[in-house]
Amino acid sequence: MSPVGTRPCSPLPLRDMPATRTLLIEAVRDALDAAGVEGTFEVVVERSARPEFGDWSTPAALGLARVLRRAPAAIAAELAAHLEASRVPRVRAWTVTPPGYVNAHLDDRTWGAAVLAAATDLETTGSVDLPKATAGKTLVEHTATNPNKAAHIGHLRNACIGDTVARVLRRTGHAVEVNNYIDDTGVQVADVVVGIRHLGIEPMPGEPFDQYCSRVYIAVSARYETDTELLERRRDVLREVEEGGNETAVFVKDLARRIVNAHLATMRRFDIAYDLLTWESDIIGLGFWRQAFELLRESGAIVLVENGKLAGCWVMPADTAEDDSDDDTKVLVKSDGIATYTAKDIAYQLWKFGLLGRDFNYVPWEGDPTLMSTSIPARPDAPPAHFGHAQRVINVIDARQAYPQRVVQRALRRLHHEREADNSIHLSYEVVALTPAAAAELGVEIEEGRDSVALSGRRGIEVRADDLLDRSIARLSANARDAATATAVAAGAVRYYLLKFSLNQIIAFDFDEALRVTGDTGVYLQYAHARAAGILRKVSDAGEHLAVPAALHPAERELLHSIEAYPRALTETAQALSPSLLTTYAFALASAFSDFYEHTPAIVREDDQAVRQFRRGLVAATRATLADALHTLGMAAPDQV
RNA sequence: GGCCCCGUAGCUCAGUGGAUAGAGCAGAGGUUUCCUAAACCUUGUGCGCAGGUUCGAUUCCUGCCGGGGCUACCA
């Protein structure tokens with residue numbers, strides 16, 4: 001470390017402190033204007049490919065060469081000269097490298113000070129410099145696990161994605177409402193009812209209710225193969241549930257209620273929560289579907305099929321002139337008069353946008369003051385509700401349901417709700433599958449020629465969410481300072497594992513990978529945070545102005561770059577609705593911090609007060625930024641592990 | 001058949017219209033009188049194939065090959 005200037009840097013108000021990249025884009029655009037470049041031209045400014053080129057580079061001259069009919073290097077030189085003359089803040093020098101890149105070299109004192117000031121602002125006020133969020137509420141539906149079995153890691157992937165998307169949107173200034181849809185009138189719940197009533201399977205002593213139902217579900221599914229009489233019983237159950245007001249309906253509702261509580265408990269372990277539970281039976285019971293049906297029928301969006309294999313069904317035909325097949329005809333009301341899942345989903349989607357002209361009644365959920373539930377009976381003492389009426393709806397549902405989701409969107413269009421159809425987002429993600437190793441560990445046969453096996457609650461091919469977390473806790477307990485820390489870190493580790501994959505990538509689940517505690521894992525991020533917090537405990541804040549030394553260690557510069565990139569990472573994650581962008585960012589930040597930690601001298605031993613203060617400030621900025629990223633990912637940011 | 005997704009290093013995966021495509025794991029070797037070694041360092045001949053668009057393609061387009069999913073009066 002070289003000695004440090006003590007020139008104080010005056011803190012800038014946040015709104016006058018754009019990201020360096022934004023500043024450079026504007027500067028380059030000005031330079032292009034000055035050079036007489038006409039027309040709209042997207043200015044690209046990105047981190048330089050190699051440190052010796054500079055900090056930021058633009059290939060603008062490359063694209064302009066053809067338009068201007070001049071050599072790229074000559075254009076670049078002209079741009080660089082103009083930029084040099086215009087004295088762009090935070091930039092020390094501009095250079096040109098072949099074949100025509102213009103590179104900005106930052107002035108560490110002004111640039112570094114700006115980055116630290118922004119991060120300090122994040123720490124003290126929690127504010128981040130972000131573009132203004134779109135107006136109106138975003139409704140996120142996620143989890144929606146069928147209430148007939150214990151949640152497995154496929155359901156958990158859904159919940160982690162949905163919860164993180166909701167967090168990211170809130171963090172970027174959006175109003176968000178989270179719904180968890182309970183499909184309590186569907187086939188899967190009926191399966192368990194049939195099993196309990198007709199198979200005589202009893203709970204084992206101490207067996208959790210959701211696991212008991214899983215067992216019944218597997219058993220009854222297997223029995224259907226040989227016992228068609230049971231399928232009749234299932235039809236009976238479904239009919240009685242649809243009609244309501246009978247013993248079966250009460251039985252089902254109670255079963256679903258108990259499973260939902262098990263799911264909520266599981267998800268709570270991962271810090272996943274909801275604003276509202278929406279019950280499919282309430283959509284039926286309160287006439288939502290009847291209302292939606294009338295709207296669809298009157299508009300001609302659905303028709304009654306007179307003959308053929310779909311005779312007696314109400315269907316939504318394919319888009320006109322799309323093709324001549326009936327592949328795209330979706331049955332909404334079966335010939336027995338029962339609405340399909342998709343039909344109820346259409347009614348629900350209309351409600352989400354406030355287009356149905358009806359509302360649920362609401363009650364607090366089983367004594368949880370933070371969670372509400374839809375209800376058929378109104379409660380006079382219920383607090384005023386403000387659910388639905390969203391501007392944008394995000395349904396977190398796996399990729400296999402793309403088709404019914406398209407039907408829901410199409411229904412909105414057929415009802416001339418074009419804007420709402422455009423704002424209906426199926427946030428599709430791929431499923432979780434088991435690697436051969438994981439399958440072997442579970443004693444599951446893997447099909448010849450396959451390199452993975454799909455999860456299936458029905459066949460008992462699954463890793464329960466609770467079990468995975470328990471195993472992760474067990475793995476971490478040996479090195480954690482206490483049980484609470486192990487639990488918090490384990491939940492974060494599992495979340496990170498399920499979030500770090502791109503949404504359209506099938507997760508090839510592997511126990512070793514999911515439970516690993518080194519490398520690109522949630523544990524690594526949390527450990528980095530604890531390290532930063534540890535340094536801050538040992539190096540007190542002298543309360544002096546932060547001044548950036550004239551010469552920084554490369555690891556310090558990289559760390560500053562990583563810290564500065566946070567608002568953009570958040571914004572892009574929110575824009576793309578893709579949590580893996582944020583995990584990738586967080587890992588890069590933690591890596592940059594580890595590099596700094598390992599390759600610069602210990603701060604506790606630093607005698608130069610100014611250097612000491614700066615480096616402490618750098619650690620404080622890192623900690624605040626990493627903590628914010630971790631919390632946005634739904635992970636704990638422990639000060640000690 | 002139609003529609004959607006995937007194919008990048010031994011394995012699991014990032015990545016992007018720009019300069020020499022990255023990380024983790026696995027394997028080998030190394031680092032601890034120093035703020036937590038759950039860390040760090042060294043070690044890598046890889047974008048399925050073929051065309052096209054472009055100053056520039058792993059990225060965009062088309063075709064093909066391989067894998068998966070959807071195309072139910074299930075969800």
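Chain letters run A, B, ... following the sequence lines, proteins first, then strands; residues in each count from 1. Hydrogens, waters and symmetry mates play no part in the numbers below; they use all other heavy atoms, side chains included.
A salt bridge is absent between A/Glu430 and A/Arg157: the closest approach of a Lys/Arg side-chain nitrogen to an acidic carboxylate oxygen does not fall below 4.0 angstrom.
The separation between A/Ile397 atom CD1 and B/C70 atom P is 15 Å, rounded to whole Å. The separation between A/Tyr429 atom OH and B/C6 atom C1' is 17 Å, rounded to whole Å. One can place CZ of A/Arg516 at 10 Å from C1' of B/A26, the figure rounded to the nearest angstrom. Atoms CD (A/Gln526) and P (B/A39) sit 13 Å apart, rounded to a whole Å. Between the CZ atom of A/Arg47 and the C1' atom of B/A21 there is a distance of 17 Å, given to the nearest Å.
In terms of modelled atom types and a separation under 3.5 Å, the side chain of A/Arg495 and the main chain of A/Leu633 share a donor-acceptor contact.
Which of B/C34, B/G24, B/C35 sits closest to the side chain of A/Tyr597 comes down to B/C35. Taking every side-chain heavy atom of A/Arg400 into account, B/C70 is the closest of B/U12, B/A39, B/C70. Checking B/C40, B/C35, B/C55 against the side-chain heavy atoms of A/Ile535 singles out B/C35 as nearest. Ranking B/C55, B/A19, B/G69 by closeness to the A/Ser57 side chain, first place goes to B/A19.
The C1' atoms of B/G7 and B/U12 are separated by 14 Å, rounded to the nearest whole Å. For the C1' atom pair drawn from B/A9 and B/C25, the interatomic distance equals 12 Å after rounding to whole Å. Comparing the P positions of B/A26 and B/C35 gives an interatomic distance of 26 Å, to the nearest angstrom. Taking the P atom of each, B/G17 and B/C13 are spaced 23 Å apart, rounded to whole Å. Remark: the separation of the C1' atoms in B/U59 and B/G68 is 23 Å, to the nearest Å. Look at the C1' atom in both B/G66 and B/G48: the space between them is 8 Å, to the nearest Å. B/G22 and B/A28 have their P atoms separated by 26 Å, given to the nearest Å. B/U42 and B/C60 are spaced 39 Å apart, taking the C1' atom of each and rounding to whole Å.
The residue among A/Arg605 and A/Asn103 whose nearest nucleotide of RNA chain B lies closer to the 5′ end is A/Asn103. When the nearest nucleotides of RNA chain B are assigned to A/Glu598 and A/Glu430 by heavy-atom distance, the more 5′-ward of the two goes with A/Glu430.
Within the 4.0 angstrom heavy-atom criterion, base atoms lie near A/Pro404. Heavy atoms of A/Val641 sit under 4.0 angstrom from at least one base atom. Across all strands shown, A/Ala480 has heavy atoms under 4.0 Å from base atoms, whether or not it also approaches the sugar-phosphate. Counting non-hydrogen atoms under 4.0 angstrom, A/Ser580 reaches nothing in the nucleic acid. Within 4.0 Å (heavy atoms only), A/Ala508 reaches sugar-phosphate atoms of the nucleic acid but no base atom. No contact: A/Asp451 has no heavy atom under 4.0 Å from any strand.
Note on A/Arg69: every side-chain N or O is 4.0 Å or more away from OP1 and OP2 of B/C55. The side chain of A/Ser502 contributes an N or O atom lying less than 4.0 Å from OP1 or OP2 of B/G15. Of the side-chain N and O atoms in A/Tyr585, none sit less than 4.0 angstrom from OP1 or OP2 of B/G15. For the pair A/Thr518 and B/G24, the criterion of a side-chain N or O lying under 4.0 Å from OP1 or OP2 is not met. Between B/C6 and A/Asn504, a contact under 4.0 Å exists linking OP1 or OP2 to a side-chain N or O. At the phosphate of B/A14, OP1 or OP2 sits under 4.0 Å from a side-chain N or O atom of A/Gln505.
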Under the 3.5 Å Watson-Crick or G-U criterion, the dot-bracket string of RNA chain B, with | for inter-strand pairs:
(((((((..((((....[...)))).(((((.......)))))....(((((..]....))))))))))))....
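Qualifying ring pair (Phe, Tyr, Trp, His ring centres under 6.0 Å) partners for A/Trp94, counting only residues two or more places apart in sequence or in other chains: none.
Judged by distance alone, with hydrogens and angles left aside, A/Ser335 brings a side-chain donor or acceptor within reach of the base of B/C73, the pair sitting under 3.5 Å.
Aromatic ring orientation, A/Phe593 versus A/Tyr597: tilted (interplanar angle from 30° to 60°).
Evaluated for a side-chain contact (heavy atoms from CB on, under 4.5 Å) with A/Asn158, the options A/Val432, A/Val396, A/Leu427, A/Ile153 yield exactly one hit, A/Val396.
Geometric assessment of A/Arg234 against the ring of A/Tyr224 yields a positive cation-pi assignment under the 6.0 Å and 45° thresholds.
Between the side chains of A/Gln188 and A/Tyr217, at least one donor-acceptor pair of N or O atoms lies under 3.5 Å. No side-chain donor-acceptor contact under 3.5 Å links A/Asp345 and A/Thr342. Judged by distance alone, the side chains of A/Asn103 and A/Ser48 never bring a donor and an acceptor atom under 3.5 Å apart.
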